[in-house]
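Data first, discussion second: the structure below is written as structure tokens.
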Amino acid sequence: MNPHESPAPGGQVPEPGPEHAPTRKDDPIEVAASVYEDWDLKPPGPTPAPAPTDAVVGPVVTPGRVTPEDFLPRPIGQGPAAVRGPWADPVSPLGGPVEPAAAAPPAAPPSAPQAGTAAPTGSAPTGADPVVRPPSFRTPGPLAHVGRKAPAYPAEPTDIPTVRGGDLYGVLLPDTVVDGGRFGRVTVRAASVRGDSHRYAAECRQDAALVVRAGGLLLVAVADGVGSQPHSHHGSNGIVRLLAKQVLPRADTLLDLLRTGAAADFTALASRLVAAAAEELAQEAERFGHPPKTWSTTLRALLVPADPEVPTRGFLAVGDGGLLRLREGGWENLDADGDGGDGDGTLISTRTDCLPEAYELVRTALITDTRPGDVLVLCTDGLALPLVKEPELREFLGGRWGREVPGLAEFLWQAQVRVRSYDDDRSVVCLWEAPA
């Protein structure tokens, strides 16, 4: 949650000045800057000679050519087409060009084969071996945005948080966290990113995300520290850790409840686990000398079995945020108690219950109709709110997450796509069900 989300003209966080505003495409200085000289991603030096026509080489899959204009911030849907003509330069797995091989000494003129020997039928490959890469790979530039106007805040982190009130923990939290992997037939991507307003004010990230395996069960969770409380970053990171501590020794029991579809028993056990985690969170706050309320945080979690024969997913939540499903290009609400919406259907919950105090207000649900190819999106309100109110963001993320599973770096870039006036921290975990 972000206390600076919609600051008034005389609010606490001033609107960034022109020196902080993102560069526009029509800025001639930016286009002419020498920094773009190396952005064509060409290997330095002369182009190596092509391999002989009879050389044995592997397949080369190359991306589209990138131009300096592609790196300028612009609204989604404008600018050059997404698909461009191929180039001929081999590339490395890290996204840069392959360094050209050292120039070979001039070859001696071929001599006639001696009598009684057979002429060679081919020659060995020369130079660096070509590298195969996914055809959908695109080198990301600065963060994109949707909407007609770019956000006023800078697109990248600016000031680094400083210790405030002796709180060393806050400055140790990284600006950005990204995680992921595979679990059974599910592919996971997770990210937690400090919001634009917190970056501008040199404040730490108050969101948290967690991905942890407990035997045959996967726990993913996000938490949103309440921005009006001074130590909410302790609460958000603490509650996901303490929830994992409660789930791990009871993973087999939870897995059995999901396998049998015992909704009432799942609700009872999940409520006890959240209450126990909240009690420990309050105790930790007191050990720090803080009132437990100053650690206020929301919580959302999914429990996912590894067994492909158990398609049921368990959901629990306290407070606001989003649980959405992307199926065949359309967004669906899966929040058990969603009460916020855009007129055409509720997508998220806007409740403000917070832990550790509201431990009795746990909401649970069993998702039993999972299909191959579905994408579950669990997120804090930093992403859920713009998803509800900005159709362009739903179209942008739906068009990418509904098509293929992105790599970690690509997922992080996509999860940070910006929308003006939505500058809170974002935490999101996506689960891709394997296609049939």
Side-chain angles (χ1 to χ4, degrees), residues 1-8 11-13 161-173 192 194-195 197-198 201-210 221-247 270-301 316-322 335-337 339-340 348-364 378-385 423-427:
M1 295 182 182
N2 179 13
H4 310 305
E5 181 172 326
S6 300
Q12 299 178 355
V13 179
T162 58
V163 177
R164 301 184 180 186
D167 184 9
L168 178 62
Y169 181 74
V171 301
L172 296 178
L173 293 174
S192 184
R194 188 162 57 125
S197 61
H198 287 159
E203 296 174 346
C204 69
R205 175 171 49 86
Q206 297 172 348
D207 268 17
L210 174 107
V222 295
D224 180 6
V226 177
S228 60
Q229 298 298 331
H231 307 297
S232 62
H233 52 286
H234 286 269
S236 59
N237 286 274
I239 196 62
V240 296
R241 169 177 51 84
L242 294 172
L243 178 64
K245 178 182 176 181
Q246 295 295 325
V247 167
S271 298
R272 291 200 300 270
L273 299 183
V274 172
E279 181 180 4
E280 285 197 64
L281 187 69
Q283 293 171 356
E284 287 190 4
E286 292 171 350
R287 286 198 295 270
F288 272 83
H290 301 154
K293 185 176 181 180
T294 64
W295 285 35
S296 293
T297 180
T298 67
L299 174 65
R300 311 201 134 224
L316 63 89
V318 177
D320 59 12
D335 193 329
D337 189 29
D339 59 358
I348 67 165
S349 167
T350 56
R351 299 177 63 91
T352 55
D353 302 323
C354 299
L355 297 170
E357 294 183 338
Y359 63 88
E360 295 179 343
L361 301 178
V362 182
R363 305 190 311 281
T364 65
L378 183 75
C379 56
T380 58
D381 65 352
L383 179 61
L385 285 175
D423 49 29
D424 197 3
D425 296 350
R426 288 184 182 182
S427 291

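Being a predicted model, the structure only gives us computed values, none of them experimental.
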| Stepwise side chain to side chain contact (heavy atoms under 4.5 Å, CB included) test for Q206 and Q229 | CA-CA 10 Å; Q206 297 172 348; Q229 298 298 331; over 6 Å; no
| task | Could you walk me through whether L299 and L316 pass side chain to side chain contact (heavy atoms under 4.5 Å, CB included), step by step? | result | CA-CA 8 Å; L299 174 65; L316 63 89; 4.2 Å; yes
| task | Determine the minimum heavy-atom distance between S271 and V362, stating which atoms define it. | result | OG-CB, 4.1 Å
| said: Using the ring pair (Phe, Tyr, Trp, His ring centres under 6.0 Å) criterion, which residues pair with Y169? Sequence neighbours excluded. | reply: H234
| field | Distance in Å, C354 SG paired with K293 NZ, rounded so as to fall on 0.5 Å steps | value | 9.5 Å
| message | If I compare all heavy atoms of S232 with all of S296, which pair ends up nearest, and what's the gap? | response | CB-O, 3.4 Å
| field | Atom of E203, atom of R194 and distance for their closest heavy-atom approach | value | O-NH1, 2.8 Å
| For K245, which residues count as a salt bridge (charged side-chain N to carboxylate O under 4.0 Å, His left out) partner, sequence neighbours excluded? | E280
| query | What are the two closest heavy atoms between I239 and A223, and how far apart are they? | reply | CG2-CB, 3.8 Å
| task | With sequence neighbours excluded, tell me which residues meet side chain to side chain contact (heavy atoms under 4.5 Å, CB included) with A275. | result | Y359
| Sequence neighbours excluded - salt bridge (Lys or Arg N to Asp or Glu O under 4.0 Å) pairs with any residue from residues 228-239 | none
| said: Rounded at 0.5 Å granularity, tell me how far OG1 in T297 sits from CD in E357. | reply: 12.5 Å
| query | Can you tell me how far CG of L355 sits from CG of L281, rounded to the nearest 0.5 angstrom? | reply | 7.5 Å
| Where is the tightest heavy-atom contact between A221 and V240, given as atom of each residue plus distance? | CB-CG1, 4.0 Å
| field | Heavy-atom side-chain proximity of H231 to F288 below 4.5 angstrom | value | no
| query | What's the verdict on side chain to side chain contact (heavy atoms under 4.5 Å, CB included) for L385 and D424, showing C-alpha distance, side-chain angles and the deciding distance? | reply | CA-CA 10 Å; L385 285 175; D424 197 3; over 6 Å; no
| request: Calculate, to the nearest 0.5 Å, the distance between atoms CG and CG belonging to L242 and N237 respectively. | output: 10.5 Å
| note | Taken in chain and number order and not counting sequence neighbours, the residues that satisfy side chain to side chain donor-acceptor pair (under 3.5 Å) with S427 are S192, D207
| query | So how far is it from H198 NE2 to H233 NE2, rounded to the nearest 0.5 Å? | reply | 11.0 Å
| said: Test of understanding: with salt bridge (charged side-chain N to carboxylate O under 4.0 Å, His left out), list the residues that count as partners of R205, not counting sequence neighbours. | reply: none
| query | Can any side-chain N or O of T298 pair as donor or acceptor with the backbone N or O of D224 at less than 3.5 Å? | reply | yes
| message | Testing the basics here: between C204 and L173, what is the closest heavy-atom pair and its distance to 0.1 Å? | response | SG-CD1, 4.4 Å
| note | Distance col, row D381:CG vs D320:CG, nearest 0.5 angstrom, shows 4.5 Å
| message | Less than 4.5 Å apart, side chain to side chain, heavy atoms only: is that true for D335 and R363? | response | yes
